[in-house]
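Below you'll find the structure, written out as structure tokens, and then a few comments.
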Amino acid sequence: MSLSDQVALVTGAARGIGRAIAETLAADGVEVVVADIDADEAELTAKAITAGGGRAFAAAHDVRDEQSSADVVARILERRGRLDILVNNAGVGPRPGPFHTLTADEYDRVMSINARGLFLTTKAATPPMIEQRSGRIIHISSVVAKRASPNILPYAASKWAVIGMTQTMARELAQYDVTVNAVCPGVIRTQLHEGVVEKMSTLYDKTEDDTWQMFYDRIALGRLQEPADIADMVAFLASAKARNITGSAFNVNGGMEFN
Ligand SMILES: NC(=O)c1ccc[n+]([C@@H]2O[C@H](COP(=O)([O-])OP(=O)(O)OC[C@H]3O[C@@H](n4cnc5c(N)ncnc54)[C@H](O)[C@@H]3O)[C@@H](O)[C@H]2O)c1
């Protein structure tokens with residue numbers, strides 16, 4: 001099926017990496033549903049995509065809420081009759097600190113969006129893909145899901161969980177020709193990462209510039225990634241060229257050692 005007949009749901013697509021994913025898929029001809037908890041910003045992003053010649057519409061969506069995911073998928077099916085691509089991108093960063101100083105609420109806040117929210121959205125989006133006997137599910141995990149990541153335990157746990165769900169979902173859905181893969185970004189200068197660096201600077205008693213430098217020093221290529229780098233990998237995994245790839249997690253991190 002050509003990309004111009006396909007419909008994609010991208011979560012957390014109002015800004016940052018999710019916005020770049022929505023723009024890239026739309027540039028490839030896919031109709032994109034720009035879903036986000038920030039409904040106003042999602043509307044602006046969808047309008048910008050449409051103004052640029054792409055096809056997009058916005059949807060208010062809180063990944064923590066099971067009914068919200070069911071409603072978004074129902075709206076897509078009502079409007080377009082199909083759902084071909086799901087990109088689970090919505091996520092939040094942690095309050096950095098040694099794990100024994102974190103509260104249960106701090107752990108739950110991150111897990112409820114990054115892990116539980118991804119499960120709930122995928123649960124809602126899977127039945128139409130099973131019915132179609134086709135579909136592409138792409139999760140945004142992180143470099144922190146492949147190594148020990150001191151001082152960000154809830155975030156690391158949530159992103160390791162994403163890889164576990166990628167492998168498990170891939171095995172369960174293979175019989176329907178639905179593929180499930182993950183992309184593991186390194187460091188991208190978005191609101192999420194700006195917030196983490198600000199808090200880490202306080203924790204490590206460093207300037208924000210020195211904290212950013214700490215990340216640069218760990219990247220073999222010596223530069224951060226751009227949202228478009230992640231979007232290009234997502235677009236590849238959504239394309240026909242990736243038809244025989246499932247259950248995998250791909251680094252897009254410039255050769256980053258996290259520890
Ligand atoms: N920026 C990085 O360096 C980096 C690195 C690795 C992985 N990631 C992952 O990439 C993804 C996107 O992050 P980003 O850096 O673009 O962050 P961002 O903060 O710029 O964007 C996150 C988006 O998710 C939305 N969102 C937050 N809570 C939501 C909810 N409950 N329901 C629906 N939408 C919600 C926000 O409104 C926002 O539009 C996240 O999963 C993040 O963990 C980011």
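We count ligands from 1, going down the list as the structure has it; atoms in each ligand are counted the same way. No hydrogens, no waters, no symmetry mates; every other heavy atom, side chains included, goes into these values.
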I'd like to check which ligand 1 atoms, numbered from 1 as shown, lie under 4.0 Å from a non-hydrogen atom of R15.
18 (P), 19 (O), 20 (O), 21 (O), 38 (C), 39 (O)
Any donor-acceptor pair under 3.5 Å linking the side-chain atoms of N151 with those of Y204?
yes
At their closest point, which heavy atom of R109 faces which heavy atom of G93, and how far apart are they?
NH2-O, 2.8 Å
Taking 4.0 angstrom as the limit, do R15 and E41 come out as a salt bridge?
no
In terms of residue, atom name and distance, what is the protein heavy atom nearest to atom 44 (C) of ligand 1?
I17 CD1, 3.6 Å
Which residue owns the protein heavy atom closest to atom 24 (O) of ligand 1, what's the atom, and how far is it?
G12 CA, 3.5 Å
Pairing donors with acceptors under 3.5 angstrom, does anything connect the side chains of Q213 and D217?
yes
Taking the side chain from T11 and the backbone from L9, do they hold a donor-acceptor pair closer than 3.5 Å?
no
Report the nearest protein non-hydrogen atom to atom 22 (C) of ligand 1: residue, atom name, distance rounded to 0.1 Å.
G91 O, 3.8 Å
Per-atom contacts of ligand 1 with S142, taking only distances under 4.0 Å to non-hydrogen atoms
6 (C), 7 (C)
Within-cut-off N or O pair, I188 and ligand 1, under 3.5 Å
yes
Under 4.0 Å from a heavy atom of H61: give me the atoms of ligand 1 that qualify, with their elements.
32 (N), 33 (C)
Taking 4.0 Å as the limit for heavy-atom contacts, which would you say applies to D62 with ligand 1: side chain only, backbone only, both, or neither?
both
Considering only the protein, which heavy-atom contact is closest to atom 41 (O) of ligand 1, and what is its distance?
N89 O, 2.8 Å
Nearest neighbour in protein (non-hydrogen) for atom 15 (O) of ligand 1
T190 OG1, 2.5 Å
Atom CD of Q6 and atom CG of D28: how far apart are they, to the nearest 0.5 Å?
10.0 Å
In terms of atom number and element, which parts of ligand 1 are under 4.0 angstrom from non-hydrogen atoms of R64?
31 (N)
With a heavy-atom distance limit of 4.0 Å, tell me whether E41 approaches ligand 1 through its side chain, its backbone, both, or neither.
neither
Where's the contact between S141 and ligand 1, heavy-atom distance under 4.0 Å: side chain, backbone, both or neither?
backbone
Could you establish whether I140 and ligand 1 come within less than 4.0 Å of each other, counting only heavy atoms on the residue side?
yes
Give the atom numbers and elements of ligand 1 that come within less than 4.0 Å of a heavy atom of G16.
16 (O), 20 (O)
closest protein heavy atom to atom 35 (C) of ligand 1 is I37 CG2, 3.6 Å
With a 3.5 Å distance limit and no angle check, can you tell me whether W212 reaches the backbone of T207 through a side-chain donor-acceptor pair?
no
Does ligand 1 have any atom that is closer than 4.0 Å to a heavy atom of K159?
yes
Considering non-hydrogen atoms of the protein only, which is the closest contact for atom 32 (N) of ligand 1, and what is the distance?
V63 N, 3.1 Å
Give the atom numbers and elements of ligand 1 that come within less than 4.0 Å of a heavy atom of G186.
3 (O), 5 (C), 6 (C)
Using a 3.5 Å cut-off on N or O atoms only, is G18 in polar contact with ligand 1?
no
Atom 37 (O) of ligand 1: which protein heavy atom is closest, and how many Å away?
D36 OD1, 2.6 Å
For residues 68-76, which side-chain N or O atoms pair as donor and acceptor with protein atoms under 3.5 Å away, sequence neighbours left out?
unit_1	atom_1	unit_2	atom_2	d
S68	OG	D62	N	2.9
S69	OG	H61	NE2	2.9
S69	OG	T121	OG1	3.4
D71	OD1	Q67	NE2	2.8
R75	NH1	A58	O	3.3
R75	NH2	A58	O	3.4

Counting from 1, what ligand 1 atoms have a heavy atom of V187 closer than 4.0 Å?
3 (O)
